[in-house]
Asks: 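I have a structure I would like to understand better, so I am pasting it below and will then ask my questions one at a time.
Protein chains get the first letters and strands the later ones, always in sequence-line order, with residue 1 at the start of each. Basis for what follows: all heavy atoms, side chains included, without hydrogens, waters or symmetry-related copies.
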2 protein chains.
Amino acid sequence: MARTRHKQQKDRHQEILDAAARVITDRGLAETRIQDIAERCGVSPGLILYYFESKDRLLVEALTYANDKYYLEQSRELRRIPSARRQLERLIELSVPGLLDRYERLEEWALWLEIWVRALRDPSLAREREVLDRRWRQSIADIIRHGRETGEFPDGPDADELGLELGALIDGLAVQVLLNDTVVTPERMKEVCMRVAARLVGFAVEPASSAGDTIS
Amino acid sequence: MARTRHKQQKDRHQEILDAAARVITDRGLAETRIQDIAERCGVSPGLILYYFESKDRLLVEALTYANDKYYLEQSRELRRIPSARRQLERLIELSVPGLLDRYERLEEWALWLEIWVRALRDPSLAREREVLDRRWRQSIADIIRHGRETGEFPDGPDADELGLELGALIDGLAVQVLLNDTVVTPERMKEVCMRVAARLVGFAVEPASSAGDTIS
DNA sequence: CTCGGATTTGAACAGCCAGTCAACCCGCGC
DNA sequence: GCGCGGGTTGACTGGCTGTTCAAATCCGAG
């Protein structure tokens, strides 16, 4: 049947994209071979090119696909939190590579680096990246707006502006943490982000924002 | 003579490193071939491997070599400025990809991205990167300390802490600008950096920090 | 001028890997 | 049970590129 066929094909598509994202995280974009992806799927190399017209297309698709998935997960989790203050804290926690579950976040940030490098020479990926990034800044701005509505945050600079500033700060610090900087540890990154957010947005830092309970 | 030989060899070394850095900027690390570097030097491919034991070593060396060069140039320029306030502004200007001379800064940031990606899987490069990065943060912190001594800046949070915060902010924004984000233009990045620096360090933003004269 | 070692060349080698393809498998509808 | 068509395989190829190497060249010393 067309439906089952179509469904199966869609599954394979996603399966391959997932596998590709994993391999890219493990070996790096430059070292990723079709064979690796095929092995990860338990499938022959030929099949990969049956579903994707070229390795390049597959890799680019995998990059944005994976990042999109992560964003949606994060977004869903944040929406369940009522307090803007806690939303912001959670967003920061989720952004620190290796603070929560070891693997997922590291993977996400590693993929970001690969996207950045590739986007330097791939205009279409550059455009997609901009969309993803704008959405990410916006989610920060939305939290701030929400907090101002509920009165948790005072009025202040434009929320979008703050989103840009905090987003950039998080990006910059995440790179350090991801690369295992000995000075910028995950815990330190969280503290710095919270402190700067407090100063820029204008709320009081809680004395002990226990990070202990966040480690699964 | 040993001396002339040695000197010549050193020149060739640097010549090759420079050429490699250029090629990496143009084609990307992953697409850089030995042949490209040889052509850029007007030399045969074999010679490249006569001076460097492998392509990988050469590439890694080229990355840190070039960044080191840029840092030293920047450092020299900043030291000539007496006012801490202006030092900070100049540092920010120099950090915005494409704000001043089009090429050099773009090159520098593109190389940073390549370093980051490569450092993910090359521990020795990761260590070198940390040194380079720490030095960069430190130069911000030093400016702040200097400004506090001269009274240009008020006392406030730890200078090293501020160096980390501003450094991360600049890193994060520079990535956006480098990738041609339509929202984060070079001019906007400078404004944002200056405004946040003013808020965090505690000085007044000058009304019109004319960016016009900075465009050569 | 001549010798000798460093430098330089370019051709050859070897391994790797994306992409192709003909054959095979398998489940479905008839 | 039979044929059909999409799914799957794995061997093959063609090109590319890092690396090696023997020969050629250059240049300074004696």
Asks: Tell me, with the steps shown, if R195(A) and E161(B) meet salt bridge (charged side-chain N to carboxylate O under 4.0 Å, His left out).
Replies: CA-CA 11 Å; R195(A) 213 174 307 146; E161(B) 181 76 15; 3.1 Å; yes
Asks: Whole Å only: how far is the CZ atom of R12(A) from the P atom of dT9(D)?
Replies: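 Atom-to-atom, R12(A) to dT9(D), this comes out as 7 Å.
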Asks: In whole angstroms, how far is the P atom of dC16(C) from the CD atom of E31(A)?
Replies: 13 Å
Asks: For the pair made of CG in L58(A) and P in dC17(C), what is the distance, rounded to whole Å?
Replies: 16 Å
Asks: What is the distance, to the nearest angstrom, from the CD1 atom on I48(B) to the C1' atom on dT20(D)?
Replies: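 That distance rounds to 15 Å.
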Asks: Report the relative orientation of the aromatic rings in W109(B) and W136(B); use parallel for angles under 30°, tilted for 30 to 60°, perpendicular for over 60°.
Replies: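 Perpendicular: the ring planes of W109(B) and W136(B) meet at over 60°.
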Asks: Take atom CD of Q35(B) and atom P of dG10(C), then tell me their distance rounded to the nearest Å.
Replies: 11 Å
Asks: Only counting residues at least two apart or in another chain, list the ones meeting ring-ring contact (aromatic ring centres under 6.0 Å, His included) with Y70(B).
Replies: none
Asks: Rounded to the nearest Å, what distance is computed from the CG atom of residue L47(B) to the P atom of nucleotide dT25(D)?
Replies: 16 Å
Asks: The side chain of R33(B) lies closest to which of these nucleotides: dG18(D), dT8(C), dT8(D)?
Replies: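 Nucleotide nearest to R33(B)'s side chain: dG18(D).
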Asks: Determine: side-chain N/O of Y50(B) to OP1/OP2 of dT8(C), distance under 4.0 Å, yes or no.
Replies: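 For Y50(B), the contact criterion (side-chain N or O under 4.0 Å from OP1 or OP2 of dT8(C)) is not met.
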Asks: Only counting residues at least two apart or in another chain, list the ones meeting side chain to side chain donor-acceptor pair (under 3.5 Å) with E39(A).
Replies: Q35(A)
Asks: Below 3.5 Å between N/O atoms, which protein atoms pair up with nucleotides 19-25 of chain C? Just atom names and distances, please.
Replies:
{"residue": "dG19(C)", "atom": "OP2", "partner": "K55(A)", "partner atom": "N", "Å": "2.8"}

Asks: Between K190(B) and E187(B), does any NZ, NE, NH1 or NH2 come within less than 4.0 Å of an OD or OE carboxylate oxygen?
Replies: no
Asks: Quickly work out the H13(A) NE2 to dG7(D) P distance and round it to whole Å.
Replies: 10 Å
Asks: Any ion pair linking R22(B) and D36(B) (charged N to carboxylate O, less than 4.0 Å)?
Replies: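 A salt bridge is absent here (no side-chain N lies under 4.0 Å from a carboxylate O).
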Asks: Output the rounded distance in Å from OH (Y51(A)) to C1' (dA18(C)).
Replies: 19 Å
